[in-house]
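Remember, predicted model here, so these are calculated numbers, not experimental data. By convention here, the first residue in the shown sequence is residue 1.
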Amino acid sequence: QVQLVESGGSLVQAGGSLRVSCAASGRTLSNYVMGWFRQAPGKEREFVARSIRSGGYNDYADSVKGRFTISRDTAKNTVELQMNSLEPVDTAVYYCAAGAVGSRIPQTYDYWGQGTQVTVSS
């Protein structure tokens with residue numbers, strides 16, 4: 001099994017930047033599709049970004065494209081999400097996920113972290 005733990009969530013002013021991290025234990029993440037999702041209160045969990053493999057193809061939701069960047073640190077077995085030009089609509093709990101078959105749909109992932117809160121104030 002794979003255990004995932006997110007960290008780095010905080011309160012940020014609109015226009016600011018924040019970096020959240022996902023640390024894994026149990027297995028290497030190199031052979032997993034890694035995804036970032038977010039969920040606001042009363043809303044469904046939505047796709048943010050995914051990394052197909054280390055150093056490979058990255059995919060982003062239109063709402064964050066050009067502002068967010070997903071990356072992997074193979075040596076540390078972590079996945080990062082760099083968030084720039086943050087807006088109040090980005091406020092949500094951010095979750096990382098790992099899956100053998102990972103798409104933009106949450107059900108296609110096998111392992112999930114507990115999430116980290118990101119709040120963007122105006």
- request: Classify the angle between the aromatic ring planes of Tyr94 and Phe68 as parallel (below 30°), tilted (30 to 60°) or perpendicular (above 60°).
  value: tilted
task: Indicate if Trp36 and Val5 have the same hydrophobic cluster label, given that clusters are the connected sets of ILVMFWY residues with side-chain heavy-atom separations under 4.5 angstrom.
output: no
field: Which residues share a side chain to side chain donor-acceptor pair (under 3.5 Å) with Glu87, sequence neighbours left out
entry: none
query: Any side-chain donor paired with an acceptor under 3.5 Å for Ser51 and Arg72?
result: yes
field: Distance (rounded to the nearest 0.5 Å) between Tyr95 OH and Cys22 SG
entry: 13.0 Å
task: For residues Ser30 and Thr74, report the shortest heavy-atom separation together with the two atoms involved.
output: OG-CG2, 4.0 Å
task: Spell out, yes or no, whether Ile52 and Tyr109 are grouped together once hydrophobic residues are joined by side-chain heavy atoms under 4.5 Å, including indirect joins.
output: yes
message: Surrounding CD of Gln117 (heavy atoms of other residues, nucleotides or ligands, distance under 6.0 Å), is the total greater than 12?
response: yes
- prompt: Mind checking what makes side chain to side chain contact (heavy atoms under 4.5 Å, CB included) contact with Ser21, not counting sequence neighbours?
  reply: Ser7, Thr78, Glu80
message: Taking CD in Gln82 as the centre, count heavy atoms belonging to other residues, nucleotides or ligands within less than 6.0 Å. Is the count above 12?
response: yes
Listed partners of Val2 passing side chain to side chain contact (heavy atoms under 4.5 Å, CB included), at least two apart: Leu4, Ala24, Arg27, Leu29, Tyr32, Tyr111
- request: Hey, could you give me each pair passing salt bridge (Lys or Arg N to Asp or Glu O under 4.0 Å) that has a residue in residues 39-50? Not counting sequence neighbours.
  value: Arg38-Glu46, Arg50-Asp59
task: First locate atom CG of Asn77, then atom OG1 of Thr28, and finally report the distance between them rounded to the nearest 0.5 Å.
output: 4.5 Å
- request: Could I get the full list of side chain to side chain donor-acceptor pair (under 3.5 Å) partners for Ser71, not counting sequence neighbours?
  value: none
message: Working to the nearest 0.5 angstrom, can you tell me the gap between Leu18 CG and Thr116 OG1?
response: 8.0 Å
- prompt: Which distance, rounded to the nearest 0.5 Å, do you find between the OH of Tyr60 and the NZ of Lys65?
  reply: 11.0 Å
field: Ser85 side, atom OG; Arg67 side, atom CZ - distance, nearest 0.5 Å
entry: 7.0 Å
Ignoring hydrogens and angles, write down the donor-acceptor pairs under 3.5 Å from the side chains of residues 9-17, residues two or more places apart or on other chains.
{"unit_1": "Gln13", "atom_1": "OE1", "unit_2": "Ser121", "atom_2": "OG", "d": "2.3"}
{"unit_1": "Ser17", "atom_1": "OG", "unit_2": "Asn84", "atom_2": "OD1", "d": "2.9"}

query: Just how far is it from atom CG of Asp90 to atom CE of Met83, taken to the nearest 0.5 Å?
result: 7.5 Å
- prompt: Going by atom types only, do Thr108 and Ser103 share a side-chain donor-acceptor pair under 3.5 Å?
  reply: yes
query: Can Phe37 be reached from Tyr57 by stepping across I, L, V, M, F, W or Y side chains whose heavy atoms are under 4.5 Å apart?
result: yes
- prompt: Which pair of non-hydrogen atoms, one from Val20 and one from Val118, has the smallest distance, and what is that distance?
  reply: CG1-CG2, 4.1 Å
